[in-house]
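One structure is given below, encoded as structure tokens.
Just so you know, ligand 1 is whichever comes first in the structure, and atom 1 is the first atom listed for that ligand.
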Amino acid sequence: MKGPSQAHRRIPPSACDVGILNFLVPAVGGAKLNIERVEWMLETIPIGLASEVPLGASKIFESDGRRVAVFNLDGQFHAIDNTCPHRGASLAVGHLSGTIVSCPLHGWEFDVITGDCTSHAGNPVERFEVHVEAGELRIEIPPAVEPPPVKDDGVHRYLIRYGALGWVAWFGSIETVECRHKDRVVVNTSRGLELGEVLSSPLDGRRPLSVNAEKPTGEVLRRASDDDLAQVKLMSAEPPGLLDACEQLLAAHDPTVDVVDFEFLFDGETVVLYFLGEQLPELETIGEQLSKQFHFEVRFFPLVEPPPQAGGCGSGGCGSGGCGSGHE
Ligand code: FES
């Protein structure tokens, strides 16, 4: 595959482009400007071979730091950003029906031709023009836009390790939370309350008190008290019989799914089962059956997915219900 530096090529504008330019350029001295020919610079990037995406199939390609899902609909190739805007699942492994792909995690639906989200309007994914040249797939990359200068949002940031899988992410708080390296803290993610370990805090003096370099994954609520830590200790054991019951239900539905770990969330009411395999709709039904039987909320979480994002003031916000920091 060629590198990005070899990816530039000139594409002449269509008649339509020239028409638009004639309309946009103001007349000078009453005379209409006549644009005979305009050289239009677009960048296309080679991402792989067309033969890698058979009819009716899809594939993820990685190029120039982007993950792109390419779909082959009746011999026509369509490309969209591979990352679901809901919680980041991979759209290329979703179910394709006609021009609609359903996200494998929670079922949001996207039109692979337009990138529009047809189930949750206003949440499109980026789409890319695809060209096939000598059997090679190339996508058009829009010109880079300079990001606006970053304003300090006043959120204090902490690097926290959390979850049974040891995810590491930036969390935020509006008020300073008195915690330092190695302290345990209670944090809020979209899964609920969780216990985390501080790797870096503004009080450690390694970073300025408030920086915008990373959007917080969730909110730091407080340093864990002795009672918090005692509660977590009580919850470290497997609820008796849960994994056996889960295995039996899975064997009846889908023997290819393998539960490899479990975790009690800090709320004491939610058990997360981490699994390898495909996120099938049946897992939701099995989760409901286990929840009824064991009186916990039982959720499945695929090991390949990125860490959960914050709820509260929105994905990527500081995680609070109304932090006033201006997060969208
Ligand atoms: S619908 Fe795609 S991650 Fe939830």
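With a cut-off of 2.8 Å, atom 2 (Fe) of ligand 1 has an N, O or S atom of Cys84 in range. Taking 2.8 Å as the threshold, His106 does not count as a candidate ligand of atom 2 (Fe) of ligand 1, since none of its N, O or S atoms lies below it.
Looking at Ser102 and His95, their side chains never bring a donor and an acceptor atom within 3.5 Å of each other. Under 3.5 Å, the side chains of Tyr162 and Glu197 contain no donor-acceptor pair of N or O atoms.
Shortest contact from atom 3 (S) of ligand 1 to any protein heavy atom: Arg87 N, 3.2 Å.
With a 4.5 Å cut-off on side-chain heavy atoms, Val112 and Leu73 count as touching. Side-chain contact between His86 and His106 is present, with at least one heavy-atom pair separated by less than 4.5 Å.
Here is the list of ligand 1 atoms found below 4.0 Å of a heavy atom in Cys103: 1 (S), 2 (Fe), 3 (S). Residue Leu105 has at least one heavy-atom neighbour below 4.0 Å for each of these atoms of ligand 1: 3 (S). Ligand-side atoms of ligand 1 in range of Trp108: 1 (S), range being under 4.0 angstrom from any heavy atom.
Looking at His86 and atom 4 (Fe) of ligand 1 together, the shortest N, O or S contact belongs to ND1.
Results of the side chain to side chain contact (heavy atoms under 4.5 Å, CB included) test with Leu283 over Val257, Leu249, Leu273 single out Val257 as the only residue that passes.
In this structure, Phe300 and Phe275 have perpendicular ring planes: the angle between them is above 60°, well past the 30° mark.
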